[in-house]
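Throughout, a chain's letter reflects where its sequence line sits, starting with A, and its residues are numbered from 1. Note that the structure is a prediction, hence the values are computed from the model and not measured.
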Number of protein chains: 2
Amino acid sequence: MVSIATTTKAEHLLESLQKAIVEGDLQPGEKLREPDLARSFGTSRGPLRDALRRLEARRLVLSTPNAGARVTSLSAQQLAELYQVREALEGTTCRLAATHMSDNDIDQLDHLLSQHEQAIKEAGGRRYFRQEGDLDFHYRIADRCGNALLRSAICVDYYPLMRMYRHKFSVHEGRPTRALSEHRRIWSALAERDGELAEILMRRHIAAARKIIEDSLLNETDHD
Amino acid sequence: MVSIATTTKAEHLLESLQKAIVEGDLQPGEKLREPDLARSFGTSRGPLRDALRRLEARRLVLSTPNAGARVTSLSAQQLAELYQVREALEGTTCRLAATHMSDNDIDQLDHLLSQHEQAIKEAGGRRYFRQEGDLDFHYRIADRCGNALLRSAICVDYYPLMRMYRHKFSVHEGRPTRALSEHRRIWSALAERDGELAEILMRRHIAAARKIIEDSLLNETDHD
DNA sequence: CGCCCCAATATTGTTGACAATTTTTCGATA
DNA sequence: TATCGAAAAATTGTCAACAATATTGGGGCG
């Protein structure tokens, strides 16, 4: 939303490429050829390589020596692993947020959930609002948890990858309504400043989503 | 221990610089001037900048646009935050390891703890063996937890930073003997394949170390 | 005497060319 | 016809020069 005046070309490239990957303009597994990309963004290979390294740190790109870089392509197995990392990190995040968030933060989070409820009603329950909305909820909690390292690990290092894969198993994650009610329960725990409960609820919430993905691993029959 | 035949100069630089930082040859806060460093390693600035970006991903280096890179310098506050991330990640790691480690892995871990016991005896209880040893124990569990993403997050992204700061609060973390006995209890849970207990014990173990650091934050009287 | 501004210096950001490596193409041979 | 291998093309790794930005040092002014 906010267009940051990036000082360096490498930073600008990082933003542009991350957006292209997250929004699917660059498909998972796609080869990232340096000369082509650099030309298409009007720069040289130096800044481009810099941006690729930063994207690699965010796990959006995988590059192998002398063989170039590709957009990350996660298997269901790997996506499940990502959810396990989220469970660990966001559980703690939630516990910290319960004591660190301001009353205003809590209010804004409540407002966000109202927006989601509204969006779900208008869309008849299976619109994609929720998917972005779900991530927004999680993102905001991490953003306000008070631990800068944890915040950057989640918001910077892992969430772009999550957004990239938000379509993949979105249908299976149960009706948006269910996710919303789980969010509301987490919110209540946060509002009551009950960190222990907030952590448990958040871990369950993410573990449930992971379960769906892991179950789909067993039904490996009709994939090309 | 194993000298990997790194194919590219940037990779070699990454290894060399990481070692220099972790071992303290490059001090926290030290400015990393590209021309000097490149010359001292016999390469040009291109590969060096590449290596710096990778070190930044591991949080060993902090670089600001147009102002260059510095070796990371953590405050006690930030170190405590790191322990909180560890608590989250390694708790889950331990739970997974309990079901995923092979019997052989468990045996080797037992052997490691025997070595530590021996080292502590020989050194009269307050030798620095333990500090490396402590990290080795944690590292091995993460290495064998069966979740590749979690493994790389801990072993690659966070542990070099831990090793870099292993001297800092090592004295305060209680006698090596106590850490060893906590390790033994964690090992027992792993050996009995009790993931839930292993997670709880690991989180406590790390939380206790964090407590020491946080307490030292309150005694801020005699620092320059 | 201290502060601010400006020039000089040093350092980082960027570029295009060259070297090394990988991938592709194409023909020879079984 | 399929397969192996070598030449050709494309791509990545590296380098040194140039441009843009920050830092430093010194002189003038209040």
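Rounded to a whole Å, the CG atom of B:L52 is 13 Å from the C1' atom of C:dT11. Following rounding to the nearest Å, B:L37 (CG) and C:dT11 (C1') show an atom-to-atom distance of 13 Å. Atom CZ of A:R45 and atom C1' of C:dT14 are 13 Å apart (whole Å). In this structure, CG of A:D50 is placed 15 Å from P of D:dT14, rounded to the nearest angstrom. Atom CD of B:E11 and atom P of D:dT12 are 15 Å apart (whole Å). In this entry the distance linking CD of B:E30 with P of C:dT11 reads 14 Å, nearest Å. In this structure, CZ of A:R54 is placed 8 Å from P of C:dG13, rounded to the nearest angstrom. Taking atom CG of residue B:N66 and atom C1' of nucleotide C:dT14, one finds them 11 Å apart after rounding to whole Å.
In this structure, A:R49 does not reach the D:dT12 phosphate: none of its side-chain N or O atoms is under 4.0 Å from OP1 or OP2. Contact between the side-chain N/O atoms of A:T7 and the OP1/OP2 oxygens of D:dT21 is not found at any separation under 4.0 Å. Dashed line: the shortest gap from a side-chain N or O of B:K9 to OP1 or OP2 of D:dC15 is under 4.0 Å. Dashed line: the shortest gap from a side-chain N or O of A:T43 to OP1 or OP2 of C:dT14 is not under 4.0 Å. Taking side-chain N and O atoms only, A:K31 has no distance below 4.0 Å to OP1 or OP2 of D:dA10.
Looking at heavy-atom distances under 4.0 Å, B:G46 makes no contact with the nucleic acid at all. Residue A:L13 is classed as having no contact, given no heavy-atom separation below 4.0 Å to the nucleic acid.
Taking the charged nitrogens against the carboxylate oxygens, B:E90 and B:R210 have no contact shorter than 4.0 Å, which rules out a salt bridge. A salt bridge is absent between A:R140 and A:D136; no separation between the charged side-chain nitrogens and carboxylate oxygens falls under 4.0 Å. Salt-bridge check for B:E81 with B:R59: failed, with every basic side-chain N at 4.0 Å or more from each acidic carboxylate O.
Which of C:dG16, D:dT12, C:dT23 sits closest to the side chain of A:E34 comes down to D:dT12.
Between A:H205 and A:H183, the angle of the ring planes goes over 60°, which puts this pair in the perpendicular group of the 30/60° scheme.
When only modelled atom types and interatomic distance are considered, A:S63 and A:R53 share a side-chain donor-acceptor pair under 3.5 Å.
For the pair A:S44 and B:R33, nearest-nucleotide mapping onto DNA chain C gives the more 5' position to B:R33.
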